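Step one of this worksheet: look at the structure below.
Just so it is clear, the structure is predicted and the values come from calculations on it, not from any experiment.
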Amino acid sequence: MGDIADDMATAQAVIARLQAVHSDIAVLQAEEMALMTALYHLRREQQLECGVAYLDAGESTATEIGIALKVSQRSADDLIELGLGLENRYPATREAFEEGHIDLARVRAISKVLTNASDDVLDKLESKVAAYAEKAEPARVRRNANRWIKEADPEGQAERRKAAEAERYVNITAADNGTTVLDAVLPAAGGQAVFERLREMALGQVCGKDPRTISQRRADALVALADGTGRLVCQCGRDDCPRAVVGEAPVARKALVQVGVSAETLAGLQDNPALLAGFGAIDADLARQIARHARFEIITESTSTANGAPTADGVEKADAVEKTDSAVELRYRPSARIARRARAIDGSCRAPGCQVPAAASDLDHQDRFDHGDPQAGGRTTEANLGARCRRHHRLKTLADNHRNGWQVIHHSDRRVEWRTPTGESAITTPEGPDYLFPATPVPPVTVGGVPDAEPLAAVLDPGVAVMDLTEIMMVYSTPGQRRAVRRGRSKM
Ligand SMILES: [Zn+2]
Ligand SMILES: [Zn+2]
């Protein structure tokens, strides 16, 4: 051990270096952001010139950056937006960032707090806030800046509130281990009302012996408000629970989600993970829980491959199917069956880094459909249809028309290659098959030799589920079924 003076000197040197590195990182982050916005301006200009709509021009930049840096499109979008704010509205903040006096977290804080400030207020306060941020952490920057804004422009308060309220939203993001983060910005009174209601339900609808914490009950209450039951059911397990539901227990609405799961896993013979569309892997048990109230779509492995080559013993059947399908293939709109299958196989939008579920995506003809002469163009088949969200559908259409410098190439095995104008490329594979037809069976979890899966009578009883275990089931609710549920016709 060195003596105290030596330790002090070492620690001081470490802190000094830490400060220098932190500042250097900020300088580089500022440069990175500036490069992103420079690319954005370039692409936007090009796309406006070739007639892309004002609102959509430049939107492919985040995808392009995502491919080049292997970052999510969302984080590229976020940095571009922040960078545009620095360029247009926050010059002092931008300068402090470029010089390494403030870091990215403080840039975000400033941008957030000033986002609805009027130009007058910005003129008065932006440089003051930027200077203050050099000496304070993000939370204090926000608090003080908020106070200054109110002092500088008391009349603008109502307008700022309206502008802030206009940005209300509810969003969910996938989190780990089968959970999601649900976040929302609501008008203050509305948010308070939601929280108050959850608190009431958490305290009033279960007895003191309910095993859940208050936080857990509030979370369950939110789900109960949404799933149609409208109330918490006490989990104390006592017959004489004073808060027991009188009469019939409320029944939860069927899940409006799409889950891809292998038949073996659904039946509890395996515990392979399942695919929750737009989310990713969920565990077998959760998939079976969701499946209990679901509709099924059976997806077989043979027709899911690119060319759908029939197996020897399936030839006769396949011939019959082919005759009926050829008429369908020459129509632009896919049949409901083909659409469901193509979406089940793709899982989500096939652009790199895009999380939009296939159920919410367009089905795009990979080889272009020829409206004038359907025989000449790409067919409307499962193999020739791919899921694309709106943004990436536009990107692909521009690419096909040689308008944006991109190339989107479809390989016969359903891989899709996205080549950016600068020659960077990324290949995506469909998400569904790994889950629907797992190559590596995962044995079921057993407790004392007995499979831990709950009984699946409810799932396997209906006629639909009389199935060969080589066939695969796809939990799916179509838009039509969803509308039916909304109209209150819950017979599915
Ligand atoms: Zn109870
Ligand atoms: Zn997409």
Original post:
Taking only residues two or more places apart in sequence or in another chain, which ones pass side chain to side chain contact (heavy atoms under 4.5 Å, CB included) with R89?
Top reply: D119, L122
Subject >> For H402, all residues meeting ring pair (Phe, Tyr, Trp, His ring centres under 6.0 Å), sequence neighbours excluded >> reply: none
Original post:
Can you name the side chain to side chain contact (heavy atoms under 4.5 Å, CB included) partners of D367, sequence neighbours left out?
Top reply: N384
**OP:** Would you please name every residue forming a salt bridge (charged side-chain N to carboxylate O under 4.0 Å, His left out) with R331, sequence neighbours left out?
**Re:** none
**OP:** Check I102 against F97 and note the closest heavy-atom contact, atom names and distance.
**Re:** O-CD1, 3.4 Å
Subject >> Pair listing, side-chain hydrogen bond (donor to acceptor under 3.5 Å, both in side chains) test, anchored in residues 121-131, at least two apart >> reply: T93-E126
Subject >> P430 to D346 - nearest heavy-atom pair and separation >> reply: CB-OD1, 3.7 Å
Original post:
Considering residues at least two apart in sequence or located in another chain, which fulfil the salt bridge (charged side-chain N to carboxylate O under 4.0 Å, His left out) criterion with R161?
Top reply: E165
Subject >> Passing option when D362 is tested against R390, K396, R391 for salt bridge (Lys or Arg N to Asp or Glu O under 4.0 Å) >> reply: R390
Subject >> Qualifying side-chain hydrogen bond (donor to acceptor under 3.5 Å, both in side chains) pairs, either residue in residues 21-38, two or more places apart >> reply: H22-D103, T37-E87
Subject >> Partners passing ring pair (Phe, Tyr, Trp, His ring centres under 6.0 Å) against Y332 (at least two apart in sequence or in another chain) >> reply: H365, F369, H371
**OP:** Answer yes or no: is there a side-chain heavy-atom contact under 4.5 Å between D78 and E81?
**Re:** no
Original post:
Who are the side chain to side chain contact (heavy atoms under 4.5 Å, CB included) partners of A131, not counting sequence neighbours?
Top reply: none
Subject >> Candidate pair V141 and V129, rule side chain to side chain contact (heavy atoms under 4.5 Å, CB included), full reasoning >> reply: CA-CA 7 Å; V141 172; V129 174; 4.0 Å; yes
**OP:** Would you please name every residue forming a side chain to side chain contact (heavy atoms under 4.5 Å, CB included) with R197, sequence neighbours left out?
**Re:** E200, M201, Q205, L225
Subject >> Nearest non-hydrogen partners of I345 and L436, listed with the distance >> reply: CD1-CD1, 4.3 Å
Subject >> Listed partners of W148 passing ring pair (Phe, Tyr, Trp, His ring centres under 6.0 Å), at least two apart >> reply: Y132
Original post:
Who are the salt bridge (charged side-chain N to carboxylate O under 4.0 Å, His left out) partners of R44, not counting sequence neighbours?
Top reply: none
